[in-house]
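As structure tokens, the structure follows; a few thoughts come after it.
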Amino acid sequence: MGWSPIEKSFKNWRVKPNLQNYEETRRIFSWAEIDAELKATIEGLNIADIAVDRHAKSDRADHIALRFLRKNWDVQDFTYRDLALQTNQFANVLKTLGVGKGDRVFALTGRIPSLYIAALGTLKNGSVICPLFSAFGPEPIYQRMNRGDAKVLVTTTALYQQKVVALRDRLPKLQHILLADSADHLEDGIWSLPKLMQAATSEFEIVSTQPEDMALLHFTSGTTGMPKGAIHVHKAVYAHYMTAKYVLDLHPDDIFWCTADPGWVTGTSYGIIAPLTHGVTSIIDEAEFDADRWYRILETQKVTVWYTAPTAIRRLMRLDIDPKAEYDLSHLRLVHSVGEPLNPEAVVWGQEKLGLPIHDNWWQTETGGIMIANYATMQIRPGSMGRPIPGVEAAIVRRHEDGTIEQIDQPGIDGDLALKPDFPSIFRGYLHDEERYRKCFVGDWYITGDLAMRDRDGYFWFMGREDDIIKTSGHMVSPFEVESALMEHPAVAEAGVIGKPNPMIGELVKAFVALKPGREPSEALKLELLGFARQKLGAAVAPKELEFQESLPKTRSGKIMRRLLKARELGLPEGDLSTLETN
Ligand code: ATP
Ligand code: MG
């Protein structure tokens with residue numbers, strides 16, 4: 001088949017994209033086709049079989065599956081064969097300890113090999129994996145492990161001593177702690193993982209799991225309140241595979257880098273599972289964000305497909321670095337972003353500075369995988385999250401007081417973003433919160449909690465979270481729209497916008513702004529920014545107040561916490577801060 005005009009116009013293609021034509025693929029797509037492509041090598045369905053053993057039993061066995069970059073730049077590679085054997089060993093460790101199907105295994109480590117081996121080994125054993133951010137303090141760790149009925153915790157000696165020791169009495173169900181870096185067992189129940197691994201055989205028959213068996217427990221980011229524990233099943237792997245094929249556009253020789261930590265769902269679905277389902281090499285960097293380091297990783301590892309987040313892109317944009325001139329990014333073919341609205345400014349920056357536009361996509365912890373995306377082969381609309389993936393139906397709906405729901409078919413009208421909950425990776429519950437789970441479903445739809453609109457061509461545009469939308473003088477104002485306008489000003493690095501209750505106009509639009517290095521807050525700059533926004537947005541929508549901040553409060557997954565800006569502004573209780581980034 002030849003190349004379509006849109007493919008030709010996409011100057012950076014070096015391989016033929018998986019998605020030939022969006023409309024056509026949507027029309028003929030079926031999940032049965034994915035089922036046929038994913039030939040399980042066991043009875044039933046198991047994520048780790050699809051991600052690891054399937055390749056270890058094929059001619060890809062010696063291909064590098066995971067490449068770890070340690071903080072000091074040391075490299076540690078695991079082929080698919082290595083990964084199969086070591087995850088078998090880990091599964092045997094669990095089995096020997098009496099950990100069985102459905103039991104919860106938590107992980108609290110940095111991005112080290114043990115975390116990835118534990119996650120996949122846990123799945124082989126039919127147990128449930130729940131990775132946590134290692135930067136969490138003791139209380140968030142306790143809250144999640146307690147709610148998640150943790151039976152096993154994989155961690156490091158330092159993290160155990162700093163954060164977990166004090167919690168042990170409060171976690172009576174926690175039976176085993178596996179220390180990834182300890183040469184010796186500390187006491188009964190506090191084991192050296194290397195020692196247990198050494199004693200375990202590398203042969204293991206994957207516990208037969210069914211598509212609907214629970215596999216992953218993932219807590220949401222806590223942007224809007226107390227994090228919820230979303231339950232995912234083995235069948236979610238269909239969506240991981242499918243989106244990695246069509247949206248990320250992974251091909252066998254790709255070098256893929258997802259910058260997210262597995263403590264956030266992106267770091268599990270796309271930092272662990274999805275790339276492995278395609279047998280590609282996935283880069284995992286142990287270190288935290290550093291612009292020079294990141295560009296060097298793209299260069300030296302010859303990354304071809306890169307999946308990152310707006311917060312990182314904004315940090316790169318802030319700096320006076322010309323990446324294309326200073327680094328060799330010639331291998332990079334596609335850049336994707338998720339987690340927050342991607343300001344149009346960032347898409348343009350990508351085109352100018354990286355030589356590639358940035359493809360925004362939208363999904364949630366609850367959806368387990370990408371749902372709406374600017375595909376590789378589609379014309380990107382800067383500021384839009386793109387179009388629903390094949391196999392997923394998305395719509396704008398309006399809920400009525402009598403409990404009924406109406407689908408809004410006309411373009412350009414905002415409402416609740418809803419999905420037909422019939423795709424494989426939709427969450428199967430909020431752990432211990434049945435009531436809240438049920439409330440997410442109205443009629444035939446799953447209500448996402450985000451507000452959006454669809455344009456004439458079927459692209460979806462994010463308006464804001466239900467809780468964040470500002471009502472001012474009879475207008476509905478999307479904080480994202482105001483933030484994006486402010487971001488266009490050369491002095492602005494980040495912006496967060498809230499509505500402040502006001503007796504005259506309902507809510508007053510207030511902006512918080514962090515400046516780029518070298519720019520100082522001043523009354524003159526404030527007036528300039530207010531004027532700039534007014535000119536872009538019109539007086540009704542533009543902020544009336546503006547305050548400078550050193551940096552804006554964010555979750556560990558990099559999302560601006562508008563609810564915290566608002567609580568602080570109004571002197572209200574700050575609410576759950578377990579996911580607030582503190583360093
Ligand atoms: P919580 O549910 O605890 O408040 P959270 O919603 O931030 O936290 P996640 O599941 O990590 O937890 O994030 C999903 C949300 O992130 C989406 O519902 C949406 O609000 C936002 N989001 C993700 N990707 C995009 C995107 N491309 N554009 C706009 N918003 C996005
Ligand atoms: Mg959410």
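Ligands are counted one by one from 1 in listed order, and the atoms in each one are counted from 1 as well. Throughout, numbering of the chain's residues begins at 1 and tracks the sequence. Quick caveat, the model's predicted, so the values are computed rather than measured.
- Tyr270 and Phe256 have their aromatic ring centers separated by at least 6.0 angstrom.
- Within the listing of ligand 1, atoms 24 (N), 26 (C), 27 (N) sit less than 4.0 angstrom from a heavy atom of Asn361.
- Side-chain contact, Thr308 with Ser337: no donor N or O sits under 3.5 Å from an acceptor N or O.
- Within the listing of ligand 1, atoms 16 (O), 21 (C), 22 (N), 23 (C), 24 (N), 25 (C), 31 (C) sit less than 4.0 angstrom from a heavy atom of Gly339.
- In terms of polar-atom proximity, Thr223 is counted as a contact of ligand 1, with an N or O under 3.5 Å from an N or O of the ligand.
- The aromatic rings of Trp294 and Phe289 stand perpendicular to each other, their planes meeting at an angle above 60°, with 30° marking the opposite boundary.
- With a 4.0 Å heavy-atom cut-off, ligand 1 is reached by the backbone of Gln364 and by its side chain too.
- The proximity of Lys559 to ligand 1, defined as any non-hydrogen pair under 4.0 Å, is limited to the side chain.
- Proximity annotation for atom 26 (C) of ligand 1: of Arg556, Met385, Glu340, Glu340 comes nearest, heavy atoms only.
- Close contacts of ligand 1 with Val338, meaning ligand atoms under 4.0 Å from a residue heavy atom, involve 24 (N).
- Between the side chain of Thr367 and the backbone N or O of Trp363, no donor-acceptor pair lies under 3.5 Å.
- No side-chain donor from either of Thr224 and Arg562 sits under 3.5 Å from a side-chain acceptor of the other.
- When non-hydrogen atoms are compared, ligand 1 lies under 4.0 Å from neither the backbone nor the side chain of Val265.
- Here's the thing with Gly222: one of its N/O atoms is less than 3.5 angstrom from an N/O atom of ligand 1.
- Counting heavy atoms under 4.0 Å from ligand 1, residue Phe462 touches it through the side chain alone.
- Ring centroids of Tyr22 and Tyr375 are separated by less than 6.0 Å, placing the two rings close together.
- Of the N or O atoms in Thr220, one or more lie within a sub-3.5 Å distance of an N or O in ligand 1.
- Between the Glu494 side chain and the Ser551 main chain, no donor and acceptor come within less than 3.5 Å of each other.
- Of all the heavy atoms of Trp264, the ones lying under 4.0 Å from any atom of ligand 1 belong exclusively to the side chain.
- Ligand 1 lies nowhere less than 4.0 angstrom from a heavy atom belonging to Thr448.
- For a threshold of 3.5 Å applied to N or O pairs, the pair formed by Lys228 and ligand 1 contains at least one separation below that value.
- Residue contacts with ligand 1, taken as heavy atom pairs separated by less than 4.0 Å, involve Thr224 via backbone and side-chain atoms alike.
- At least one heavy atom of Trp363 sits less than 4.0 Å from an atom of ligand 1.
- In this structure, His278 and Tyr241 have parallel ring planes: the angle between them is below the 30° cut-off, well short of the 60° mark.
- Ring orientation note: the planes of Phe133 and Phe136 are nearly perpendicular, at an angle over 60° on the 30°/60° scale.
- Ring centers of Tyr238 and Phe423: at least 6.0 Å apart, outside the cut-off.
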